[in-house]
Asks: 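This is the structure I want to talk about, given as structure tokens.
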Amino acid sequence: MNKYTKKTFVLEIFAIMLALLFLVPFYFVLVNSVKGFGEILIDAAAWPKEILFSNYAKVWEIINFPKAFMNSLVITVFSIIGIVVLSSMAAWKMVRTPSKLSKIIFILIVSAMVIPFQTVMIPLMKLGGTLGIINSIPGIIIMYFGFGVPLSLFLYHGFVKGIPVEIEEAARIDGCSQFGVFWRIVFPLLKPITVTVIILNTLWIWNDYLLPLLVLQDAELRTIPLATSSFFAQYTKQWDMGLAALVLGIAPVIVFFLFLQKHIIKGIAQGSVK
Amino acid sequence: MDANLETKSAKASTQIKTESKKKRNWKKGLTYLAFVGPALLFFLVIQIVPFLMGIYYSFTSWNGVSSAVEWVGFENYKRIFTNDPIFFQSFMFTTKFMLAAVLISNLIGFGLALILNAALKTKNILRTVFFLPNVIGGLLLGFIWQFIFVRGFASVGEATGWSFFQLPWLGDETTAFWGIVIVFAWQISGYMMVIYIAALQGVDQSLLEAAKIDGASTFQTITKIIVPLILPAFTICFFLTISMAFKIFDLNLSLTGGGPFNSTQSVAINIYQEAFQNNRYGLGTAKSIIFFVIVAIVTTLQVTATKKKEVEA
């Protein structure tokens with residue numbers, strides 16, 4: 001089965017060609033982001049005659065890239081810390097307390113996963129205004145807690161079921177508190193699923209557009225997708241600058257992915273097997 | 001006397017037991033609350049409360065600004081069903097898009113998985129490449145492809161003379177529709193591929209060898225053995241793609257903005273515009289409730305239908 005035959009070779013060539021085709025859009029974006037505007041209009045497929053980095057320099061200033069990057073980073077990191085802590089603790093306790101209440105809470109949270117964001121967004125803005133969590137970074141982080149809990153809790157719940165309870169019981173007999181048992185014994189055991197939870201939530205929160213659009217109205221608070229899109233809206237069809245902005249916008253998450261690609265692909269596979 | 005004493009002490013001990021039990025229960029309840037409470041609280045405040053408020057607002061003529069909220073009964077729902085051609089159009093677009101997108105992205109995803117499950121030398125790099133579009137947000141992907149459709153395709157068309165590249169991509173109803181499908185499939189197929197590969201790796205090799213010995217063709221092996229064995233993966237992938245395609249917003253917004261002539265406007269965009277651009281929050285929430293009901297029904301039907309097949313297989 002695993003022998004490398006002629007057939008495998010043909011398959012390999014075919015797959016490589018497909019992969020190159022998949023990468024073509026990136027070629028277009030990268031190559032044109034270092035061209036002058038006129039050159040893009042003449043031929044978008046050609047290699048640049050002269051590589052210009054001035055597009056990047058201009059965009060960096062205009063969208064205040066460091067600020068947008070920091071906003072995205074702070075929002076993503078703190079949202080994920082909260083989601084991991086909240087959902088792992090709740091999932092563990094619910095599995096270890098097999099009562100009717102646990103079952104009801106679990107079903108309520110999991111079935112809420114079919115509620116589209118668009119259904120709650122309008123009243124959420126009203127509620128957010130009342131609670132004073134609009135137009136603030138801590139505010140949007142709290143909202144991500146609420147939206148992130150269902151899927152993450154679901155993943156933790158499934159994983160905890162597979163962990164034998166004996167070690168926890170032994171620790172309890174030795175006088176360890178519940179929190180001690182959870183943080184010292186259970187949480188380290190949850191590492192594989194925690195990695196998955198972190199990855200899925202990072203890709204979602206980092207790239208999210210609609211919630212930040214509604215919540216973060218100050219230009220100072222803009223995340224990377226917001227900054228890039230408002231730049232596009234202002235300079236429609238200014239392709240030279242627009243493409244440089246796009247490259248800046250996608251670079252951080254691509255670097256993140258390339259460094260962790262093995263874990264990410266494994267984590268996605270794990271996260272989907274229910 | 002002795003017996004009496006015994007019962008007394010027994011009573012006392014049960015009393016102590018129930019008291020300590022009560023205390024223990026109380027403590028148990030508190031730790032339960034400490035562990036489960038925070039997650040539940042954020043979930044309720046951010047999702048369930050707005051959801052219930054949404055049901056209420058959908059029966060009002062609330063404009064989002066005024067504090068006076070007027071109850072209008074089923075007025076919004078009546079209006080949506082009888083007098084809102086653009087919502088109807090956006091609903092038709094979303095449904096058609098969902099069908100095309102789900103079919104194509106799963107076909108490509110499954111095909112890629114079959115290829116990359118073979119003993120290719122470059123399979124790790126290839127998986128990374130096919131997954132790459134998923135790490136970029138839909139909004140930025142839409143902008144990338146806007147450029148490719150507008151400038152990139154034009155250049156390729158000039159160089160090759162192929163009419164495919166010279167079509168008015170994004171400028172015409174049909175091609176704009178397929179343009180969004182192409183970009184969605186390009187983005188999602190790699191994700192589906194990963195799930196299908198995970199499932200394929202769980203297939204018992206001896207079954208495939210047995211089929212080979214019995215003289216089954218590759219096509220027969222795939223349709224008769226592999227597909228039935230990994231049906232759970234199909235359930236998941238269909239669920240994911242259906243819900244993603246139904247809720248399409250970012251990609252759609254940056255790629256066509258719903259144009260030309262609202263022909264590619266998704267339901268999500270329609271709801272967004274109704275509320276935040278037309279300031280008809282009541283009407284917008286009514287639409288979003290209808291949207292919720294449809295998404296819930298379709299995904300539940302799909303999951304139960306494919307789950308049933310799983311049991312048979």
Asks: When rounded to the nearest 0.5 angstrom, what distance separates CZ in Phe117(A) from OH in Tyr272(B)?
Replies: 10.5 Å
Asks: Answer whether the closest heavy-atom distance between the side chains of Phe292(B) and Val114(A) falls below 4.5 Å.
Replies: yes
Asks: Check whether Ser102(A) gets within reach of chain B through its side chain, its backbone, both or neither, counting any heavy atom under 4.5 Å.
Replies: both
Asks: Using 30° and 60° as the class boundaries, would you call the ring planes of Phe147(B) and Phe28(A) parallel, tilted or perpendicular?
Replies: perpendicular
Asks: Below 4.5 Å from any heavy atom of chain B, which atoms of Trp92(A) appear? Answer side chain, backbone, both or neither.
Replies: side chain
Asks: Could you give the side-chain donor-acceptor pairs of residues 9-18 of chain A under 3.5 Å, partners two or more places apart or in another chain?
Replies:
unit_1   : atom_1 : unit_2    : atom_2 : d
Glu12(A) : OE1    : Tyr4(A)   : OH     : 2.3
Glu12(A) : OE1    : Lys121(B) : N      : 3.2
Glu12(A) : OE2    : Lys121(B) : N      : 3.1
Glu12(A) : OE2    : Thr122(B) : N      : 2.8
Glu12(A) : OE2    : Thr122(B) : OG1    : 2.5

Asks: What orientation do Phe26(A) and Trp186(B) show, parallel under 30°, tilted 30 to 60°, or perpendicular over 60°?
Replies: tilted
Asks: If we define contacts as heavy-atom pairs under 4.5 Å, which of Glu158(B), Gln146(B), Arg127(B), Lys287(B) has the most with chain A?
Replies: Gln146(B)
Asks: With a 4.5 Å cut-off on side-chain heavy atoms, are Tyr191(B) and Leu203(A) touching?
Replies: no
Asks: Does a side-chain heavy-atom distance below 4.5 Å link Gln118(A) with Val267(B)?
Replies: no
Asks: Where on Leu41(A) is there a heavy atom nearer than 4.5 Å to chain B: the side chain, the backbone, both, or neither?
Replies: both
Asks: Check residues 36-59 of chain B and write down every donor-acceptor pair under 3.5 Å in which the side-chain atom is one partner and the other belongs to a residue at least two apart or another chain.
Replies:
unit_1   : atom_1 : unit_2   : atom_2 : d
Ser58(B) : OG     : Ile55(B) : O      : 2.7
Ser58(B) : OG     : Tyr77(B) : OH     : 2.7

Asks: Got a donor-acceptor contact below 3.5 angstrom from the Thr119(A) side chain to the Ser288(B) backbone?
Replies: yes
Asks: Go through the atoms of Leu126(B) and report whether side chain, backbone, both or neither lie under 4.5 Å from a heavy atom of chain A.
Replies: side chain
Asks: What part of Thr285(B) is in contact with chain A, defined as an atom under 4.5 angstrom from a non-hydrogen atom: side chain, backbone, both or neither?
Replies: both
Asks: With a 4.5 angstrom heavy-atom cut-off, which part of Leu140(B) approaches chain A: side chain, backbone, both or neither?
Replies: both
Asks: Identify which part of Phe22(A) has an atom lying under 4.5 Å from any heavy atom of chain B, answering side chain, backbone, both or neither.
Replies: both
Asks: Please state whether the side chain, the backbone, both or neither of Leu253(B) comes within less than 4.5 Å of a heavy atom of chain A.
Replies: side chain
Asks: Please state whether the side chain, the backbone, both or neither of Lys7(A) comes within less than 4.5 Å of a heavy atom of chain B.
Replies: side chain
Asks: If you define the side chain from C-beta out and look only at heavy atoms, does anything of Met121(A) sit under 4.5 Å from Phe276(B)?
Replies: yes
Asks: Please classify the contact between Leu108(A) and chain B as side chain, backbone, both or neither, with a heavy-atom cut-off of under 4.5 Å.
Replies: both
Asks: Please examine the side chains of Ile197(B) and Ile265(A), heavy atoms only from C-beta on, and report whether any two atoms are closer than 4.5 Å.
Replies: no
Asks: So does Val135(B) get a backbone contact from the side chain of Asn207(A), meaning a donor-acceptor N/O pair under 3.5 Å?
Replies: yes
